[in-house]
Each structure stands twice: as structure tokens, then as C-alpha cells.
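First the structure, in the form of C-alpha cells, and then the observations on it.
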There are 2 protein chains.
Amino acid sequence: MDLIEIFKALGDENRIRILNLLIRQELCVCEIETVLDMTQSNASRHLNKLKTAGVIASEKKSQWVYYRVDNKFIEENNLLYEFIKNKLVENTQLLRDVERLKKYKNSYYTCEQLREDKSQVLKYLQGQCEKTENEN
Amino acid sequence: MDLIEIFKALGDENRIRILNLLIRQELCVCEIETVLDMTQSNASRHLNKLKTAGVIASEKKSQWVYYRVDNKFIEENNLLYEFIKNKLVENTQLLRDVERLKKYKNSYYTCEQLREDKSQVLKYLQGQCEKTENEN
DNA sequence: TGATTATATTCATTTATACTCATATAATAA
DNA sequence: TTATTATATGAGTATAAATGAATATAATCA
């Protein structure tokens, strides 16, 4: 995929936030929207932008569509991939997102539970984050 | 400089085109606008975006402001820099721009001559480019 | 087979950004 | 010292892109 298209796809903060998560693990749309506290339609649209640019790929499993960084992208753009991985840890917003992702992972919440009570999960995820924000 | 700000700065085609030239050599605003056939104010504004993001740096020499890739940027973002250098050669627009740059360099035109008759230089630069376009 | 669900897509709106023209500003040149 | 010049910047406009609410669509589930 073309350099210019890749950079256009990466030129948005929310898309970098999504990529930040997908670099660490495969996630489905409903998980991404929850961890990043983003509307479903917005998440879907951003994911499509990244997919179109060849950065990520998707796979349907049962009712859910999972996204991950495309292996082909990693192979063909290894320098960029390494750069991104190295730099993610220098950004506070991205680090915050990672904390939320870890919290989500540690909770063993599932997509099904997100369906049943997403607001509960959001509250759970925000518990730690709100405290962290007050310390700043 | 922050990852997100860097990607925002690189998320525009014209700014990549400018960077493509500056990676090869230092140039002043009037040269960039001529080689890329861009208005002076637009060139200036894009240059400022790249400078603000810490990608390029400027230096005033006599009446002219010269821009170049910031060495600090190269040091701190070497993977990204290498990635860009490797990928530039895969894009046809960027290759075309490089041909124009080479033609400009080979002509020994100067900033002063650009002042006197920029349209002459533009015609000269377009001579080869128009022929190349017809072959495609 | 009908109900339910996940998510992509449409529509409308908002926000951001790119662009041009004109000019202010800071220099250099004469 | 005045004239000239390079370019950054202001103002206005056009275009692009981001966003949320609603819904269509394609599946899976029961």
C-alpha cells in the first residue's frame, strides 16, 4: 500500500489509539468501542479507514468481527511498525488507553457481557481512570 | 515530538511532497513552490506545519529562508526516517517531483532568477514533465 | 423459521483543514 | 535612508473529514 495513503490513515488521533490497542491484541468492534469509549459507528468507520489502507485486517467469528494488525502490513512496512511500537509508550493518552485495555483483559469480560450491560463495563473501566485523572 | 503530532503533520500529500524534496537537499521557499508548482502562501503554511511538528528546521540566508530536515528529527525518529526514504521511491507523484528537482538542479537556476522570471523557470521544468505524462 | 444481534452504512451536522488573495512584517539591498 | 524583496500571516472561502443518530444488512442464534 502507498506511503501517502498509509500516512493519511495514520493522521488521525483516534485511529492511532485504535492501532495502539490492535498492536497488542486482536479485538472486536464492541471491545474497541468500549475500551476507547467511542460510538460504535465511529469505531466502525475508523476501522474501515485503517483496513482500506492495508494496516489492519478483519475476521468474522460467530457474531463478532475481530480486527488485528495485518501481517502483510508488518512485513512490508517493518520500519514503520517498529517506529510506532517504540513511540506509543511516550504518549500519555495512549498509555491511558493501554491501562484500560489491561483492566478489560483482567476482568475477563466478554463480548456477550458487553452486549448485556455495556454501561456496567464502562463504569468498571472508568473507576481507575477517573482516579488517575484526578491525580494529575 | 509526539507521535500523534508527527503523523498529523505527515497526513497530507503536499507535505509529503515537500519532505520528499527536503530529504534530498536543503531548499528555500521560492524553490519549493516552483519545483512543486504551489503558491507561495500554501508552501509557507505547509512548511510551518512540518516545522511545528519538529520534522524540518529553517535558516535565514540573506533574503531567503532555507528549510531542511531537522537533524534532531532524524536522530530521534530514525526508523520512521528510514521508512520514508525507502518508500518514497514507490510513489509516482513523488518520483515525478524528484525529476523536476533534478532538472532544477541541473539548470543552475538560482533564487534570484526565480524572482526575475519564475514563469520562465516553470516552463522549463514543465517541458520534460509534460512529455513524461503523455507517455503514461 | 422468526428473533435477535453486530456492525456497516446512510444521512445530516459539525469540525477541521486546505487553499487563495492580499498584505503586514522583517530583512536585505541599493 | 529608502526601496525592494521574501515570506509569514490574516481573512475569507471551499473542501474534506470527523462525528452521532438512525437504520439497513447479513449473520447467528434459538
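Below, each value reflects all heavy atoms present in this structure, side chains not excepted, and no hydrogens, waters or symmetry copies. In what follows, chains carry the letters A, B, and so on, assigned in the order in which the sequence lines appear, proteins first and then strands, with residues in each chain numbered from 1.
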Integer-rounded Å distance: [N] [atom2] and [X] [atom1]:
X      : N      : atom1 : atom2 : value
A:L10  : D:dA17 : CG    : C1'   : 16 Å
A:R15  : C:dA16 : CZ    : C1'   : 13 Å
B:L50  : C:dA18 : CG    : C1'   : 14 Å
B:N48  : D:dT9  : CG    : C1'   : 10 Å
B:K118 : D:dT5  : NZ    : P     : 15 Å
B:Q113 : D:dA6  : CD    : P     : 13 Å
A:K51  : C:dA8  : NZ    : P     : 8 Å
A:E59  : C:dA6  : CD    : C1'   : 16 Å

Exercise for the section: For the residue pair B:S58 and B:K51, confirm or rule out a side-chain donor-acceptor distance under 3.5 Å. Expected result: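 B:S58 vs B:K51: donor-acceptor pair found between side chains.
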Handout entry: Donor-acceptor pair between B:N20 and B:D97 side chains, under 3.5 angstrom
Key =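 Per modelled atom types, B:N20 and B:D97 side chains form no pair under 3.5 Å.
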Exercise for the section: Please tell me which of the listed nucleotides, C:dT7, C:dT5, D:dA8, lies nearest to the side chain of A:R115? Expected result: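 In terms of side-chain proximity for A:R115, the closest of C:dT7, C:dT5, D:dA8 is C:dT5.
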Handout entry: D:dA17 OP1/OP2 closer than 4.0 Å to side-chain N/O of A:K49
Key =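 For A:K49, the contact criterion (side-chain N or O under 4.0 Å from OP1 or OP2 of D:dA17) is not met.
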Problem - Under 4.0 angstrom between B:Y67 side-chain N/O and D:dT7 OP1 or OP2 - result: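 Checking B:Y67 against D:dT7: no side-chain N or O falls below 4.0 Å of OP1 or OP2.
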Problem - Axis-to-axis angle between the two ends of the helix from C:dT1-D:dA30 to C:dA30-D:dT1 (five base pairs per end, rounded to 10 degrees) - result: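 Axis-to-axis angle, ends of the helix: 30°.
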Check this for me: does any side-chain nitrogen of one of [X] and [Y] sit under 4.0 Å from a carboxylate oxygen of the other?
X     : Y     : result
A:E99 : A:R96 : no
B:E82 : B:K85 : yes
A:E26 : A:K61 : yes

Problem - Any side-chain heavy-atom pair of B:N71 and B:I74 under 4.5 Å - result: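 Yes; the side chains approach each other to less than 4.5 Å.
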Practice task
Between B:G11 and A:E31, name the one whose nearest nucleotide on DNA chain C is closer to the 5' end.
Solution key: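 The 5'-side residue here is A:E31.
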Exercise for the section: Mind telling me whether B:Y109 and B:Y124 have parallel, tilted or perpendicular rings, with 30° and 60° as the class edges? Expected result: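 Ring orientation of B:Y124 relative to B:Y109: perpendicular.
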Problem - Parallel, tilted or perpendicular, as decided by the 30° and 60° cut-offs, for the rings of B:F73 and B:Y81 - result: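 Rings of B:Y81 and B:F73: perpendicular, over 60°.
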Completion exercise
Quick tally for nucleotides 19-30 of chain D: nucleotides whose base has a protein heavy atom under 4.0 Å get B, sugar-phosphate-only ones S, the rest -, giving BBBB-----SS-
Handout entry: Co-members of B:L122 in a cluster of I, L, V, M, F, W and Y side chains, linked at under 4.5 Å
Key =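 Same cluster as B:L122: nobody, lone residue.
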Handout entry: Sugar-phosphate only, base, or nothing, as touched by B:K8 at under 4.0 Å among non-hydrogen atoms
Key =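 Result for B:K8 = nothing.
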